[in-house]
Every structure is written in C-alpha cells, then in structure tokens.
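One-based numbering along the sequence shown. We use all heavy atoms of the structure for the numbers below, so side chains are in, but hydrogens, waters and symmetry mates are not.
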Amino acid sequence: MLNISEIRAAHQINPVGLSAAPRFSWKLQSGKRGVLQTGYHLQIALRPGFERPLWDKQTNSGQSAHVAAEGFEVQPLTAYYWRVRVQDNHGRDSGWSETGRFVTALTDAGQWQAPFITAETPADAATSKATMMRGEFTVEKPLAAAYVLCSALGLYHLHLNGEKVGDDQLAPGWTSYHKHLLYQTHDVTTLLKPGRHALGAMVGAGWYKGLMGFLGSRNNYGAQTAFACQLHLVYQDGTTQTVCTGPGWRCADAPVTFAEIYDGEVYDARLEQPGWCAAGFDDATWRPAAVLKADTSVLCAQAGGRIKCHEVFTPKAVLTTPQGDTVIDFGQNLTGWPRIHAHGAPGEVIELACFETLDAEGNVYTDNLRSAKQSLRYICKGEDGWYQPLFTFYGFRYVHVKTWPGAVRAQDFCSVAVYSDMAETGSFACSNPDLNQLQSNIRWSMKSNFLDVPTDCPQRNERMGWTGDAQIFCRTAAYLMDVLGFYRKWLQDVAADQTPEGGVPHVVPDIITGQNAEDDWLIDQGTHSAAAWADVIVLNPWNLYLAYGDAAILRQFYAPMKKWIDFMRAHADGVVWNYRLQFGDWVALDAEEGSYFGATPNDLSCTAYYAYSTGVFAKIAEVLGKDEDAREYAALCEEIKAGFQRLFFTPGGEMTVQTQTAHILALYFGLVPDAFLDKTAAALLRLLEKEDGHLVTGFMGTPYFTHALSQSGHVKEAYALLLKTDFPSWLYQVRRGATTIWEHWDGLKPDGSMWSADMNSFNHYAYGAVGDWMYRVVAGINNTEDAPGYRHSLLCPRPGGGLSYAEGSLETVYGLLSCRWEVQDDGSVQVRAAVTPNTQCTLALPDALAMADTDGLRFEPRDGVLTAQAGSGVYTLRFWPVAADALKK
Ligand code: BGC
C-alpha cells in the first residue's frame, strides 16, 4: 500500500489567511522499504468536488515538500481545495489524498480598506485600561462566504453576535508594528445568516502601548490603542459587500480597568455589559469611536502560528507558607494564566500574584520579578463564572492567593499554558529519569518563551526578543516543535529592525534603540551588533533550512545576512571583530564575582563568531547559486580563520586564552589548526578536570560543550558532563526540582541562597540548547547539508553514559524519523531505525566493532566507522560495541 498520510499548504494544515499561493507538502506512508516518489499529480479547485480544477497537473518529480504550483496565482479572500496523488518507484499509485483547503486573505496591501478606530484620546497615554468598540451590520441575502480580517494597535479579542471569534489570544502578537503589523483572518461563513448582526472588539494596551523593556518605557509604538477590521460578505448571487470599522462605531470602557504585560490585569466583573456585541444592544450611553490615522500599508496577513491556550494544569497542592500565605502550586513553571472560578458577592475582591519559586524557607519569592507585579485582581459581580485574563500573561508555577471570597479550594483554580501554535515534532526518552526531566524542562522553557516572539524569559520586566537566546536555541527548538513559521515571522522583524548599515539589534522587536535616552550605558555602548546575538540573522535561517529543507528562507533573508557580514567586515580590525557592547560568554561562571560577563575575551569570542557566520554565509550563497559571493565569503572565512589561529594559538598549539569557552568555540567552529586538534581537545578536558568535571561556561560555550567533546572523540566525557548532578550542571537544576531551565547555573545555589535577584529567571531556554546534543548525538538524529530537511538523514546514535536505552523521534516534513538503541543482556546493542518514505538515510555506528544483525543492510567501514545506506523502512540492527564494558548495564 502507498498512502498519503498528511498534506500541508504553506507548511500548515488547512490554513486561513494566506497572502500568496502556497507551496504544498505531503507525507507518504508505505509498508515497503526503499520507497521513493517518482511523480505527483496535484489538483487545485474552487470546489471540493474538483469539477473544473484550476490546476490539474502530473509532474514527474520526487519532490514532496515545499512544492510550488508554478504559475498558479490566487485571488484574494477565496477558499481553495487541493489534493494530490503520487506514484512511487515500485510502480504504485497512492490514490487521491484527503482534500485540503486553504483560504486567502488580501493578496495586496492596497486591498485593505478599514481605518483604525480608537476608543481612547491622547489623554489616555498613561492609562492601561481596555476598551470596547462595536458596530452593527445587515446581511442582506443568503451568503456564500464571509471572512473577517482584523488587527489592532494594542491587543484585541474579536466578537461576533456575543461570541468570541476563533481562539486567538494576545492577537495581533508582537512585531515591529510600524514596519510590519499582522492581521488575522477568520472564516465566519457559518456564523452569519441574513439579518442584523454585531461585531465587537475588546482592545488592550499590550506591547504596543503598555510599559515594555527594562528601561521602563511605555507608548513604545503609540499612545492610543486602536482596532481595524473588515468583513467581506460574498452572497450566493455573486454580489459582495464589505463592512469596515469606521466613525459609525460606538465605544466604551471595558471591565478590564487595567492590563499590562508585566503587571497583570484588573477585571471588574460588575462593569460587564451583557449583550454588548449583540445586534440591538442599546449603546446610547457609549461614545462615538474616532478614526485614528495609522499606516495600513504595513499590514500583512498572518495565517498560522497564532497564540493559543494549550495545556491546562490543576493544582498539585494548596500550601500555607511558614509566613502564613496561601499558595497554590501547579507543579509546572510555565507562561500563561491562572484560570479561576470566581464566586463572590458583588464588590468582593479576589487578589492573586503569580510567581516562579518559593524561597529557601518555603515562602513566596517575588524579588526576581524585579518591578513586574504579575498580579491579578478580580472584582466579583455576585454570579459564578470562570475567568482568565485577556491582555496579559504571567511566568509562574505558583499563585499567591492574597484575597479570596470564602475558603480556597483547589477545584476553583487551574493554570493554562499560552504560547504560539506549533506542532510538537520531537520526542526523546532514555533510561535516565533525570535526563527525561531535563528534556521536559527544555520543552517547557521553550513553550514558555515562544509566545509570538522568542523571548528570554516570561516573568520579570523583560520578556523581550533577545537575539542571542533565539540564536543559540534554534537547533534544539527545531527538534522539539515545528518552528519554521514561528522564526520566519520573527526574522522579518530582525530584518526590518536591522540598522541601515547592517547592524542587528540586541532585541527584536527593537524597543530599546531610541528609547535609551536615559541610559548612559546603552547610549555609550550601543543597542545592536553583539556577536552570537546579531548572528541570528545568518544562523537561524541556515538552521531552519537544514531542519525543514526550504531554501526559500535563505532567499528571503539573504540580503540582511549579507549586510550583517559586511557590517562585521567593515568594523573589524584586521580580522579581529569586536564592536562596542558585547555580551560575550554571558553569565558564565568564570566571570568575576557578581559580573555577568564571562572570562573569555571578546576579541576571541567575537572573532570566532565572525569566522563561523561568514563560513555559513558562504555555504548559503552556494546553495542559492550565488557563486561569486560564495567564493568571496569562503575566502574571507579562511582569512579570518587564519588570523584567529595566528592570534589565539601559540606556535606550540596552546590557546592563548585558557577558558573552556575559548576551546569549545575553536573546536566547534572548526578554527583549530589540524595539527592541534587533539591538543586542543585535551586542553579542554584539562580545563574541565580543573573544575572537577563541571562546566563554567555561559551563553556562548554551553550550547556546544558536549558537541566539542564528542566531535573530538570524547563521547564518554561529554556524557559525563551531561550527567553531572552536583552544582553546577544541568541535572543539578533537575535535582533541585526545576521544571524549566534556569538562566543561571547558580540561580539557586547549593546552600539555598540565590544569585542576585536583579537577574535571576527560572525560565530561560538558553542553556536548554544542550537538547540539540541529546537528539543529535545520544539519539543520533541528524540532518545533512546535501539533502536538508531530512531528505537524506544521518542516523548516528552514540550509546553511552550508562544508559541502557535511548530513543528519539522527529516528525520531519517527510514524515516520522526515529532511532532507538538498547544495550542487550549479552552486551550487544540493538538499534531500531525508522526512515520515512521518500527519504534516504546513512546509518553510521561509530561504536560498533562488528555487526551482529544487519537486517538486510550492507555495512562497510567508512573512515573507520561501520556505515550503511538505507532507503525508507524500519530496520532492526544489532552490533557488538568496541568498548563493551563501557556500555554494560
Ligand atoms: C536577558 C538575556 C539576554 C541578555 C543580554 C538578559 O537580561 O535575559 O537572556 O540575552 O540580557 O545580555
């Protein structure tokens, strides 16, 4: 049997809101081995019956991911149906896939008609209340289709006839609003019949107008919130009608009397106006909404990746702290909301505060939130009901119940995780429960910080798109969840906020540049272009290309990445790149007491990144066929590399900087002279030993530490590092009860004291970048540069660490790829590999001395490693390991 198991348009399942013709992907399923697609037949039509298809073409090609229907153009606000059937190299035909659907939004910015309207005046610049706006309209005749498009300057919830439309939260998300503002599209065909209807929006301050950034600036994009929407009605008789926001709309203040990203929300249920967005509501006491001048040419359609509610947790415990506070423990640190069952007499107040951790005595600890209040105040109306905040979010595991009507009962509370919609793609499990918990912590820090923008942390007065964090975590993220759309959206802002000269801001959306007048340090030091941070513009598109096999992302960001490399070149002193404010090996433990800056000098770490990004850029140019650039930048990379070796290696092969990170960067970035490879790895081992086997690395060294060891032949030592359980280590955090990744190794010290409260997040994904090593090396799942997107994967598991088994799986664009190894009672190792159809795989077993079972594959030594080529299928192999003792259970 040959089946098509999943189909996607624009990398999404049945997307609504595309602004251009999508590319198509599908996954094949087959019980046979060695299945390759030889051709496909794609149909696109306006009706699900596919009569008179608009596109109907057989193509003899093996491509099954990101397939363009060349020349097919879409009309705005139209629903399309599509399906595909494929043929394979065994002469089989899959039959038609299920039918997919995609709906377009506007296809040209000029098609936007609705003005932004506001319920606020300039006098509201300092307020953080939410407002409501409403407008009525008549559907004249039976409808064929209806689509509503909306956006806000601020945050909005859209309602139609009293019901919230869709399940988006915190829309329209956070972008560099003046350059790139997203609107969301909803298909509301089934919600409308001929007759009178009402549209309503509740709008809050959000990132647009509220206080944002550690500099504490507000009104970063404007001082008045606003909302715009246009509803397109297509009647069955072919005529159309558009309903837009405008001066005829009425507005009023909402029951949300205060809402800020950092400080939380105040909701006065007594101010609710039942029926406010139903037709016929008496809005005589409401004010007219005013049109707000705003540039609508920056509006872009957003289809997928919108923020949604996800997991819901019930309380694990209701505690009374030694200080007598009532605290609810949800058991999982996350980003989202408490959801409460509010029942109190009119005017009774519920007051909650959200926080991440208890202190050493078990009391409420909020110092690390800095000025963020993370509070929730709800004023009861005298009726029962569930409530969750509308215009804020919290980073928390615990809720301090300050006031509550009556007894605090667990059943009146839950916590809801809120993050961007991304499918979970990866799974990892092994015989060590601490490592499994570490994986869970990495995933939860990811979920907590993938809320529209890749943020550093979700709890203190920061929560910004720090480019460095997003860069070092990208590879891990692409294992855990489908992040192509998420990063692509954010990278557009990275490009939009790039300086004219090519510098890349430290945070994107950049709310620091131009807002730092009060901050002497930032004025002096600058707000852009730090090594490892700014390199996000090159390294993330590259890593996404490798993970999803879509060269479009390289094409899309080619100009900004070239500008960034040229910026470094323009500011380098010879080959040494070091520019104004650098974060270096941020928060490394080899920093001077109390400092954030690790001991590795910037000249070395910045130049290392300069070489690495330039080399990657040269490869990107090659992929895109830009041969001249490829040659030029490959040569530049060689020049930087040679300079690096001259400057940072003695003639005898010692590094001039004796830090772990210096050695890690040199090894992982390929900057070590060949003759000194073993020596450099040995030096790294010595530096590790000096710390009794512990890392003292920060943001730059940590992500690559285990790779630097395993790639230079020290898998055993890499495992030992990963498996350390005492301070400082990944598993030390796990043993201290962490449910997310900490910002600092010493966030919570062995004596129970904490790193200074001025910067101590317990939910930072940066050090979770070790997840990449667990998938790539422990489970052995690798993509390849020659056939990215796992079209040709490399499975190269490295048993060790005393684990009796480990397994990883990844839902790739082609389907599921997985690898599991298990040490057998007789000392052999069994490997089970599943390779999805229409892909191929190289199986490499560096730890194999001899094969005991090849399951029909031909293993041959390649560079001393037993290697086989495999087509799709499931293979169960067994080998005798080189070092059987090391693997004994
Ligand atoms: C953030 C980091 C960020 C850093 C830059 C911190 O405040 O939380 O994760 O990358 O600043 O130095």
Side-chain angles (χ1 to χ4, degrees), residues 29-35 426-433 435-436 439 479 706 710-711 713-720 722-723 773-784 790 792-810 812 814-837 839-889:
Q29 241 176 14
S30 169
K32 251 195 189 331
R33 282 188 178 174
V35 174
S427 76
F428 176 95
C430 68
S431 57
N432 181 320
L435 286 184
N436 294 340
Q439 273 293 332
Y479 278 115
T706 42
S710 58
Q711 287 174 1
H714 301 287
V715 176
K716 191 168 148 225
E717 290 78 2
Y719 266 114
L722 177 68
L723 289 165
W773 192 80
M774 296 165 79
Y775 275 90
R776 247 163 110 188
V777 181
V778 179
I781 299 177
N782 290 267
N783 51 41
T784 59
Y790 301 90
H792 191 126
S793 58
L794 166 66
L795 294 183
C796 181
R798 303 301 307 265
L803 305 181
S804 60
Y805 82 92
E807 63 188 11
S809 74
L810 182 65
T812 71
Y814 296 97
L816 196 72
L817 174 67
S818 69
C819 188
R820 175 192 164 95
W821 56 262
E822 182 160 9
V823 181
Q824 308 293 294
D825 290 338
D826 61 6
S828 64
V829 180
Q830 189 189 68
V831 176
R832 189 176 178 279
V835 182
T836 197
T839 71
Q840 288 171 311
C841 169
T842 298
L843 270 152
L845 302 171
D847 300 297
L849 180 66
M851 296 306 297
D853 189 347
T854 61
D855 200 359
L857 294 176
R858 230 177 75 191
F859 278 85
E860 282 172 352
R862 199 207 273 178
D863 299 330
V865 173
L866 282 177
T867 303
Q869 300 304 324
S872 66
V874 178
Y875 302 90
T876 305
L877 319 161
R878 209 156 53 81
F879 68 82
W880 295 106
V882 179
D885 284 352
L887 298 182
K888 279 248 165 69
K889 285 202 260 182

Query - Least distance between heavy atoms, Tyr775 atom then Ser809 atom - result: CE2-O, 3.9 Å
Requested in this report: Would you indicate whether the side-chain heavy atoms of Cys796 and Asn782 approach each other to under 4.5 Å?
Outcome: yes
Query - Approximate separation, where rounding is to 0.5 Å, of Arg776 CZ and Leu810 CG - result: 13.0 Å
Requested in this report: To the nearest 0.5 Å, tell me how far Thr839 OG1 sits from Tyr814 OH.
Outcome: 8.5 Å
Report task. To the nearest 0.5 Å, tell me how far Leu817 CG sits from Ile781 CD1. Result -> 5.0 Å
Report task. Determine whether the aromatic ring centres of Trp773 and Tyr479 lie less than 6.0 Å apart. Result -> no
Query raised in the report: Side chain of Arg878, backbone of Thr854: donor and acceptor closer than 3.5 Å?
Result: no
Requested in this report: Please check if atom CZ in Arg832 has more than 12 non-hydrogen atoms from other residues, nucleotides or ligands closer than 6.0 Å.
Outcome: no
Query - Minimum heavy-atom distance Phe879-Asp847, with the two atoms named - result: CE1-O, 3.6 Å
Query raised in the report: Distance from Gln840 atom CD to Ser793 atom OG, nearest 0.5 Å?
Result: 9.5 Å
Report task. Report yes if some heavy atom in the side chain of Trp880 is under 4.5 Å from a heavy atom in the side chain of Asp826; otherwise report no. Result -> yes
Query - Check: Thr836 and Ser872 side chains under 4.5 Å, non-hydrogen atoms - result: no
Requested in this report: Look at the side chain of Gln824 and the backbone N and O of Glu822, then say whether any donor-acceptor pair between them is shorter than 3.5 Å.
Outcome: yes
Report task. Check Leu795 against Ser818 and note the closest heavy-atom contact, atom names and distance. Result -> CD1-O, 4.0 Å
Requested in this report: Without swapping roles, check the side chain of Asp855 against the backbone of Asp853 for a donor-acceptor pair under 3.5 Å.
Outcome: no
Report task. Starting at OG of Ser710, measure out to NZ of Lys716 and round the result to the nearest 0.5 Å. Result -> 14.5 Å
**Report entry** Test side-chain contact (heavy atoms from CB on, under 4.5 Å) applied to Leu843 and Leu794, Leu866, Thr867, Leu857, the passing residue
**Finding:** Leu857
Requested in this report: Give, for atom CD of Gln869 and atom CZ of Arg858, the distance between the pair rounded to the nearest 0.5 Å.
Outcome: 10.5 Å
Report task. Identify the heavy atoms of Val831 and Cys819 that sit nearest to each other, and give their distance. Result -> CG1-SG, 4.2 Å
Report task. Mark yes or no for whether Asn436, through its side chain, and Ser431, through its backbone, hold a donor-acceptor pair below 3.5 Å. Result -> no
Report task. Quick one: closest heavy-atom pair of Phe428 and Met774, and the distance? Result -> CE1-O, 3.4 Å
Requested in this report: Over all heavy atoms of both residues, which pair between Val829 and Pro881 is shortest? Give the atoms and the distance, please.
Outcome: CG2-CG, 4.2 Å
Query raised in the report: So, do Val823 and Leu803 sit near enough that their side-chain heavy atoms are less than 4.5 Å apart?
Result: no
Query - Expected output: side-chain Thr784 to main-chain His792 donor-acceptor under 3.5 Å - result: yes
